[in-house]
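We're numbering straight along the sequence, starting at 1.
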Amino acid sequence: MEPTRDYPLFGGAFSATLPPGAIDVSDLRPVPNNQEVFCHRVTDQSLIVELLEQQAHVQGEEAARYHFEDVCGAQEARAVQVETVQPLFLENLALRGCCQEAWVLSGKQQVAKENQQVAKDVTVHQALLRLPQHQTDVLLTFSQPPPDNRSFLSPENLSLLPWSLGDFEQLVTSLTLHDPGIFGPQ
């Protein structure tokens, strides 16, 4: 099995530990400058790290809900449901020195992939890390569509397991800021 690895994000301004089988989507298609997007080599799972303008008009748990609903709206999702919102302990984060508050949200949405008519139920886990001194909300998203059993039929794919919540937690807790200059002059 391929090991996890530290990976530079946003030109090296950040880094994080990625799970096995992560493919940088920017090698396949254009990705907005404020996003780093990774897909699983075999499944339809994805991980997204986004640098967003801080939404100071929402605080606490409502900030996590705001970002979830915003993403669902951008994806034209249907049947959006928040299941849980919980605070993250700052002492567990590599960003604890600059993160004022952190939340993790789990929910479901029905969304159709590009060029497909049928919407699928997708489980979404999001972590919101608020960096007010940089006027930035860092949003990390783990999307888990239902498994497509056909994708595991080839023998070379049997050793690459789907990502777990533990893999997402490792991404969130390992996210490290190396260059605050990415946020512009302060």
Checklist line | Common cluster, Leu105/Tyr66, ILVMFWY with side-chain heavy-atom separation under 4.5 Å | finding: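 Different clusters: Leu105 never reaches Tyr66 through Ile, Leu, Val, Met, Phe, Trp or Tyr contacts under 4.5 Å.
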
Check: Should Val37 and Val138 be regarded as members of a common hydrophobic cluster, given that ILVMFWY residues are connected when their side-chain heavy atoms come within less than 4.5 Å of each other, either directly or indirectly?
Finding: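 No, no single cluster joins them.
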
For [X] against [Y], the heavy-atom pair lying closest together:
X      : Y      : answer
Gln126 : Ala64  : OE1-O, 4.4 Å
Gln59  : Ala56  : NE2-O, 2.8 Å
Pro132 : Gln54  : CA-OE1, 3.5 Å
Pro20  : Trp163 : O-NE1, 2.7 Å

Note to self: Could you check whether atom CG of Asp27 has more than 12 heavy atoms from other residues, nucleotides or ligands sitting under 6.0 Å from it?
What the structure shows: yes

Would you say [X]'s side chain and [Y]'s backbone share a donor-acceptor pair under 3.5 angstrom?
X      : Y      : answer
Gln45  : Phe142 : no
Ser174 : Leu171 : yes
Asp137 : Gln55  : yes
Asn34  : Leu51  : yes

Notebook entry, point to check: Do Asp6 and Thr17 get their side chains close enough for a donor-acceptor pair, meaning under 3.5 Å?
Noted result: yes

Checklist line | For Glu169, all residues meeting salt bridge (Lys or Arg N to Asp or Glu O under 4.0 Å), sequence neighbours excluded | finding: none

Notebook entry, point to check: Out of Gln110, Gln144, Gln109, which residue meets the side chain to side chain donor-acceptor pair (under 3.5 Å) rule with Asp121?
Noted result: Gln110

For the [atom1] atom of [X] and the [atom2] atom of [Y], what is their distance to the nearest 0.5 Å?
X      : Y      : atom1 : atom2 : result
Thr173 : Leu175 : OG1   : CG    : 9.5 Å
Ser15  : Leu177 : OG    : CG    : 9.5 Å
Leu140 : Ile48  : CG    : CD1   : 10.0 Å
His40  : Asp167 : NE2   : CG    : 8.0 Å

Item checked: Contact check, side chains of Glu69 and Cys72, non-hydrogen atoms, under 4.5 Å -> no

Next item on the list: Could you pull out all residues at least two apart from His67 that satisfy ring pair (Phe, Tyr, Trp, His ring centres under 6.0 Å)?
Entry: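 In terms of ring pair (Phe, Tyr, Trp, His ring centres under 6.0 Å), with neighbours along the sequence ignored, His67 is linked to no residue.
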
Check: Can you name the ring pair (Phe, Tyr, Trp, His ring centres under 6.0 Å) partners of Phe68, sequence neighbours left out?
Finding: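 In terms of ring pair (Phe, Tyr, Trp, His ring centres under 6.0 Å), with neighbours along the sequence ignored, Phe68 is linked to no residue.
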
Next item on the list: Classify the angle between the aromatic ring planes of Phe183 and Phe14 as parallel (below 30°), tilted (30 to 60°) or perpendicular (above 60°).
Entry: perpendicular

Margin query: Taking Glu61 first and then Arg65, would you say they form a salt bridge - that is, a charged N and a carboxylate O separated by under 4.0 Å?
Written below: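 Salt bridge: yes.
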
Next item on the list: Quick one: which residue pairs count as a salt bridge (charged side-chain N to carboxylate O under 4.0 Å, His left out) with a foot in residues 98-111, not counting sequence neighbours?
Entry: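 Qualifying pairs: Glu101-Arg130.
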
Next item on the list: Can you tell me which residue pairs pass the salt bridge (charged side-chain N to carboxylate O under 4.0 Å, His left out) test with a partner in residues 48-58, sequence neighbours excluded?
Entry: none

Note to self: Run the side-chain hydrogen bond (donor to acceptor under 3.5 Å, both in side chains) test against Glu62 and tell me which residues pass, sequence neighbours left out.
What the structure shows: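 Result, side-chain hydrogen bond (donor to acceptor under 3.5 Å, both in side chains) vs Glu62: none returned.
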
Note to self: If the condition is side-chain hydrogen bond (donor to acceptor under 3.5 Å, both in side chains), which residues does Thr136 pass it with, not counting sequence neighbours?
What the structure shows: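 In terms of side-chain hydrogen bond (donor to acceptor under 3.5 Å, both in side chains), with neighbours along the sequence ignored, Thr136 is linked to no residue.
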
Partner residues of [X] under the side chain to side chain contact (heavy atoms under 4.5 Å, CB included) criterion, sequence neighbours left out:
X      : value
Ile23  : Leu28, Cys39, Arg41
Tyr7   : Arg5, Leu9, Leu18, Asp24, Phe38
Ser143 : Ser46, Val122, Val124, Thr141
Pro30  : none

Got a list of side-chain donor-acceptor pairs under 3.5 Å for residues 80-100, not counting sequence neighbours?
unit_1: Arg96; atom_1: NH1; unit_2: Leu93; atom_2: O; d: 2.6

